[in-house]
Amino acid sequence: MAMSPMMQEYCKTKEQYKDCILFYRLGDFYEMFFDDALLVTKELEITLTGKDCGLEERAPMCGVPFHAAQTYINRLIEKGYKVAICEQVEDPKKAKGLVKREVVRIVTPGTTLDAMSLDESKNNYLMCVAYFTGKTGLSIADVTTGDYYVTAVEDCFLTELDKPQKLLDEINKFTPAEIICNDAFLLSGVDVEDLKGRLGICVFALDPWYFDDQLCQKTLKEHFHVGNLEGLGIGDYDSGIIASGALFLYLKETQKTALSHMASIRPYSAEKYMLIDSSSRRNL
């Protein structure tokens, strides 16, 4: 049996966003199907239904009204999920055949812009960790304010039991909502489950191409319109440049906008930097 044309399109989109829950706009609702539907009904305790899609069995399905979707998205983000929002991008009345749809934004714990879900008294940081044995690049950004930092830390390991303490200090200093990282970070000795449980940080490993040195440099040069990175004051931060570039690539992919409000990047020395939260800064 052949899958219906609409469900074929849904599956094509879902294939591109495997690590996200796909909110697929159909009329006045965002619908979820198959595994996403099973997951969302369990996490949000909403009703599971089904949809005829050309297969022998009906596809598991659930939906939320589009005008109330942000509440449901916030609850999923708080539980550590990513949500891809797929909208109708043409007028259904003018569409020939299926209405064209595309993902317009991916919402993640460290990139949500919804004021209702954010604590005004503190920043909502996204941190990128580019871990290399002993030397680690870090980049931290708050999409809502445009704050964008870069540093590098160097940890010495005298025994196999040693933890990357300076790296942990920076994570504890910023307590980001979300950490994106290379695979090496997961093997660094940092207790990722502790970060998730004790600090409520969501941790996502990115594909290796995000951390390609040349791509990261090119991404930063293009965004800041510079010929070299020395002018930004970050020329000495080799691993930090990789972390910053990877973070920016991730933001471009999730926000799908120009990010022009992120107009500068601030290098800092981890040992000399004290973090002041946004409400304290406002009162200075």
Side-chain angles (χ1 to χ4, degrees), residues 1-118 124 126 143-144 177-178 180 202 204 249-261:
M1 296 176 74
M3 207 181 263
S4 66
M6 190 285 289
M7 198 55 82
Q8 286 177 34
E9 286 301 308
Y10 167 84
C11 288
K12 258 192 234 169
T13 306
K14 176 63 186 172
E15 183 66 22
Q16 294 174 288
Y17 297 92
K18 287 180 183 169
D19 62 339
C20 301
I21 295 168
L22 183 58
F23 270 45
Y24 199 75
R25 182 73 178 268
L26 290 172
D28 290 336
F29 284 79
Y30 288 108
E31 306 285 7
M32 286 129 273
F33 299 99
F34 301 111
D35 288 348
D36 280 359
L38 297 171
L39 176 67
V40 170
T41 52
K42 177 169 152 281
E43 291 286 16
L44 301 185
E45 298 178 340
I46 59 178
T47 306
L48 181 70
T49 59
K51 183 175 179 67
D52 290 324
C53 62
L55 300 176
E56 281 185 21
E57 293 185 8
R58 300 179 82 202
M61 170 180 131
C62 68
V64 299
F66 83 94
H67 58 81
Q70 194 61 56
T71 304
Y72 295 100
I73 291 169
N74 290 346
R75 286 168 62 193
L76 290 168
I77 298 308
E78 281 167 17
K79 290 172 182 281
Y81 295 106
K82 299 179 184 179
V83 176
I85 301 168
C86 186
E87 292 285 6
Q88 296 173 177
V89 292
E90 68 174 336
D91 186 339
K93 291 173 188 162
K94 295 177 183 171
K96 293 176 180 173
L98 288 175
V99 178
K100 190 180 176 192
R101 292 177 177 84
E102 58 188 51
V103 170
V104 295
R105 191 159 172 265
I106 300 168
V107 188
T108 77
T111 64
T112 181
L113 299 173
D114 182 59
M116 298 289 286
S117 67
L118 295 173
N124 191 58
L126 169 69
V143 187
T144 60
E178 177 181 353
I180 51 176
C202 299
F204 301 112
L249 285 161
Y250 183 75
L251 285 181
K252 276 173 48 176
E253 187 180 284
T254 57
Q255 305 306 291
K256 300 189 183 291
T257 62
L259 299 164
S260 53
H261 68 298

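Here, residue 1 is the first one in the sequence, and each next residue gets the next number.
Side chains of Asn74 and Gln70: a donor on one and an acceptor on the other come within 3.5 Å. A donor atom on one side chain and an acceptor atom on the other are not found under 3.5 Å apart for Glu31 and Tyr10.
Considering only heavy atoms from C-beta on, Phe34 stays 4.5 Å or farther from Lys14 through its side chain. The closest side-chain heavy-atom distance from His261 to Val143 is below 4.5 Å. Two residues are said to be in side-chain contact when any heavy atoms from C-beta on lie closer than 4.5 Å; Thr13 and Arg101 fail this criterion. Residues Val40 and Val64 have side chains not in contact (no heavy-atom distance under 4.5 Å, counting atoms from C-beta outward). The shortest side-chain heavy-atom distance between Arg75 and Leu44 falls under the 4.5 Å cut-off.
Relative ring orientation between Phe33 and Tyr24 is described as perpendicular, the plane-to-plane angle rising above 60° on a 0-90° scale split at 30° and 60°.
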Any chance you could lay out the side-chain contact (heavy atoms from CB on, under 4.5 Å) test for Tyr30 and Ile73, step after step, and finish with the verdict?
CA-CA 11 Å; Tyr30 288 108; Ile73 291 169; 5.8 Å; no
Would you sort out whether Lys82 and Thr254 count as a side-chain contact (heavy atoms from CB on, under 4.5 Å), showing the intermediate values?
CA-CA 10 Å; Lys82 299 179 184 179; Thr254 57; over 6 Å; no
I would like to know whether Thr144 and Leu113 meet side-chain contact (heavy atoms from CB on, under 4.5 Å); could you show each step before the answer?
CA-CA 6 Å; Thr144 60; Leu113 299 173; 3.9 Å; yes
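Arg25 is linked by a salt bridge (charged side-chain N to carboxylate O under 4.0 Å, His left out) to Glu87, counting only residues two or more places apart in sequence or in another chain. Remark: Lys256 pairs with Tyr17 by the side chain to side chain donor-acceptor pair (under 3.5 Å) rule, at least two apart or across chains. The salt bridge (charged side-chain N to carboxylate O under 4.0 Å, His left out) search around Glu9 returns Lys12, not counting sequence neighbours.
Taking CD1 of Ile77 as the start and OG1 of Thr111 as the end, the distance is 7.0 Å to the nearest 0.5 Å.
More than 12 heavy atoms of other residues, nucleotides or ligands shown are found within 6.0 angstrom of CG on Asp19.
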